[in-house]
Chemist: 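Quick one: this structure, given as structure tokens, is what I'll be asking you about.
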Amino acid sequence: MKEKIMLKSAVHSKESLLVALLLAMNTGFVDAFTFFHFDGRFASLQTGNLIQTGINLAHGNLEKAFQFIIPILFFALGALFKTLFTKYKTQNNQSEIESLLFIQMIGILLISLAFATFLHLSASLFVGILSFFMVIQGDTFTRVRGLPYANIMSTGNIKAFGTNLGQYLVSKNTKDLKNSLIFLSLALSFVVGAFISSLLSLWLGDFTLIGSSLLILLAYYSYKIIIHKKQRLFH
């Protein structure tokens with residue numbers, strides 16, 4: 001019974017707004033770097049990669065089209081891994097959240113350091129490996145304060161901002177206004193992440209993505225602090 005209570009606590013804790021903002025910022029950080037340094041490729045926003053694939057196919061650039069497909073395939077593999085890992089943890093009455101954040105953090109750190117120093121990978125393969133780790137983030141954290149959201153894309157968040165703001169103007173329900181501000185803050189976090197990434201890349205170059213691991217580390221410890229506080233309430 002105690003394990004079930006702790007699992008329920010973990011589910012609510014991963015809906016923290018602070019964690020959501022840090023993860024959204026991380027997406028903006030990573031995608032800004034890969035887009036500008038790797039010929040328009042995205043590690044998270046696979047819609048962009050699909051569009052690039054279609055454009056290159058239309059122009060007969062089959063080899064380049066395939067290069068944009070590689071991150072998409074890694075993204076799907078990451079989702080597969082996350083699903084199987086979650087099922088394994090659930091069967092053992094364990095929360096997978098801390099483990100998945102740790103896997104993402106260490107994975108991005110190691111591949112970024114290796115790529116910046118000695119590992120000579122093609123741009124598509126490097127971005128593909130990043131995509132594997134980014135989908136873990138997106139598939140693990142899907143709600144914030146009870147609201148569905150996305151931390152690896154912002155189209156839905158912008159739509160939700162407008163929808164909730166419109167509902168507030170009609171109903172004058174302050175809850176709708178608060179919800180709209182949550183989605184606005186998420187969208188702005190993507191911008192902040194991209195802004196920081198672009199500035200740091202001027203000085204750090206290929207080492208810039210270390211900043212991604214630092215953002216995930218902040219999210220990891222923020223989550224652990226929230227869990228610790230909630231667990232104390234059950235004792």
Side-chain angles (χ1 to χ4, degrees), residues 8-36 42-51 75 78-79 82 86 95-98 100-101 104-105 108 130-131 133-199 211-212 214-227 229-230:
K8 185 177 181 181
S9 172
V11 170
H12 291 298
S13 298
K14 75 175 182 178
E15 296 183 10
S16 159
L17 178 59
L18 176 58
V19 173
L21 293 174
L22 287 168
L23 295 178
M25 191 180 301
N26 181 53
T27 299
F29 190 99
V30 173
D31 273 349
F33 183 82
T34 59
F35 180 83
F36 285 107
F42 292 98
S44 304
L45 188 61
Q46 299 308 313
T47 301
N49 292 329
L50 285 170
I51 292 171
F75 194 83
K82 188 271 172 186
T86 297
S95 173
E96 83 284 11
I97 301 166
E98 290 181 46
L100 286 171
L101 275 176
Q104 183 193 13
M105 177 180 64
I108 291 179
L130 289 176
S131 297
F133 292 114
M134 290 303 292
V135 72
I136 292 175
Q137 168 186 308
D139 208 22
T140 303
F141 295 85
T142 58
R143 300 184 71 83
V144 55
R145 294 189 178 179
L147 301 168
Y149 87 111
N151 62 58
I152 56 174
M153 61 188 71
S154 203
T155 304
N157 297 330
I158 296 171
K159 174 180 177 293
F161 161 68
T163 299
N164 282 276
L165 182 60
Q167 290 173 344
Y168 167 71
L169 294 175
V170 172
S171 66
K172 303 303 179 183
N173 187 333
T174 55
K175 183 179 179 181
D176 292 326
L177 178 60
K178 290 179 180 178
N179 290 345
S180 70
L181 293 176
I182 288 174
F183 287 111
L184 177 61
S185 65
L186 288 168
L188 292 176
S189 291
F190 281 85
V191 178
V192 172
F195 177 80
I196 295 173
S197 177
S198 298
L199 286 182
S212 169
L214 292 177
L215 286 171
I216 301 169
L217 181 63
L218 288 174
Y220 176 82
Y221 275 108
S222 297
Y223 174 78
K224 283 182 69 72
I225 289 171
I226 295 168
I227 282 290
K229 287 181 178 179
K230 289 201 171 188

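We use all heavy atoms of the structure for the numbers below, so side chains are in, but hydrogens, waters and symmetry mates are not. What you see is a predicted model; the values in this text were computed from it and never measured.
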Chemist: Rounded to the nearest 0.5 Å, what's the gap from CE on Met105 to CZ on Phe133? Could you check?
Modeler: 12.0 Å
Chemist: Just how far is it from atom CG of Asn179 to atom OG1 of Thr174, taken to the nearest 0.5 Å?
Modeler: 9.5 Å
Chemist: Please report the interatomic distance CD1(Ile227) to OH(Tyr223), rounded to the nearest 0.5 Å.
Modeler: 3.5 Å
Chemist: Answer yes or no: is there a side-chain heavy-atom contact under 4.5 Å between Phe141 and Leu101?
Modeler: yes
Chemist: Going by side chain to side chain contact (heavy atoms under 4.5 Å, CB included), name the residues that satisfy it together with Thr47, two or more places apart in sequence or in a different chain.
Modeler: Leu45, Ile51
Chemist: For Lys224, enumerate each residue passing the side chain to side chain donor-acceptor pair (under 3.5 Å) test, keeping only those at least two apart in sequence or located in another chain.
Modeler: Glu98
Chemist: For side-chain contact (heavy atoms from CB on, under 4.5 Å), just list the numbers for Thr86 and Leu100, CA-CA rounded to whole Å, side-chain angles, deciding distance to a tenth of an Å, and then say yes or no.
Modeler: CA-CA 9 Å; Thr86 297; Leu100 286 171; 4.2 Å; yes
Chemist: Which pair of heavy atoms, one from Leu218 and one from Ser222, lies closest together, and at what distance?
Modeler: O-OG, 2.7 Å
Chemist: Determine whether Phe75 and Ile152 satisfy the following criterion, side-chain contact (heavy atoms from CB on, under 4.5 Å), listing intermediate values before the conclusion.
Modeler: CA-CA 12 Å; Phe75 194 83; Ile152 56 174; 3.5 Å; yes
Chemist: I'd like to know if the side chain of Asn151 and the backbone of Ala20 have a donor-acceptor N/O pair within less than 3.5 Å.
Modeler: no
Chemist: Please check if the side chain of Glu15 supplies one atom and the backbone of Arg143 the other of a donor-acceptor pair under 3.5 Å.
Modeler: no
Chemist: For residues 158-165, run the donor-acceptor check on the side chains, cut-off 3.5 Å, and write out each pair with its distance to 0.1 Å, sequence neighbours left out.
Modeler:
{"residue": "Thr163", "atom": "OG1", "partner": "Lys159", "partner atom": "O", "Å": "2.9"}
{"residue": "Asn164", "atom": "ND2", "partner": "Ala160", "partner atom": "O", "Å": "2.7"}

Chemist: Compare every heavy atom of Asp139 with every heavy atom of Ala79, then report the nearest pair and how far apart it is.
Modeler: O-OD2, 4.3 Å
Chemist: Check side chain to side chain donor-acceptor pair (under 3.5 Å) between Asn157 and all other residues, then give those that pass, not counting sequence neighbours.
Modeler: none
Chemist: Quick one: side chain to side chain donor-acceptor pair (under 3.5 Å) partners of Thr140, sequence neighbours excluded?
Modeler: none
Chemist: Ala43 and Ser131: which non-hydrogen atoms are nearest, and at how many Å?
Modeler: O-OG, 2.9 Å
Chemist: Mind listing the closest non-hydrogen atom pair of Val30 and Leu130 along with its distance?
Modeler: CG1-CD1, 4.5 Å
Chemist: What pairs with Ser171 under side chain to side chain contact (heavy atoms under 4.5 Å, CB included), at least two apart in sequence or on another chain?
Modeler: Asn173, Asp176
Chemist: Got a sec, which residues hit side chain to side chain contact (heavy atoms under 4.5 Å, CB included) with Leu199, two or more places apart in sequence or on another chain?
Modeler: Phe195, Trp203
Chemist: Not counting sequence neighbours, which residues clear side chain to side chain contact (heavy atoms under 4.5 Å, CB included) with Ser185? List them please.
Modeler: Leu17, Leu21
Chemist: Only pairs at least two apart or in different chains count here, so list each salt bridge (Lys or Arg N to Asp or Glu O under 4.0 Å) that has a residue in residues 183-193.
Modeler: none
Chemist: Minimum heavy-atom separation for Ser154 and Ala187, please, with both atom names.
Modeler: OG-CA, 3.5 Å
Chemist: Who pairs with Lys178 by salt bridge (Lys or Arg N to Asp or Glu O under 4.0 Å), at least two apart in sequence or on another chain?
Modeler: none
Chemist: Say you draw a straight line from CD1 of Ile136 to CD of Gln104; how long is it, rounded to the nearest 0.5 Å?
Modeler: 6.5 Å
Chemist: Any side-chain heavy-atom pair from Ile182 and Tyr149 closer than 4.5 angstrom?
Modeler: no
Chemist: If you round to the nearest 0.5 Å, how far is CG of Leu186 from CE of Met25?
Modeler: 10.5 Å
Chemist: About how many Å separate CG of Leu50 and CD of Gln46, when rounded to the nearest 0.5 Å?
Modeler: 7.0 Å
Chemist: Scan for side chain to side chain donor-acceptor pair (under 3.5 Å) pairs involving residues 18-31, sequence neighbours excluded, and state none if there are none.
Modeler: Asn26-Gln137, Asn26-Ser212, Thr27-Gln137
Chemist: For Tyr220, what residues pass the ring-ring contact (aromatic ring centres under 6.0 Å, His included) criterion, not counting sequence neighbours?
Modeler: none
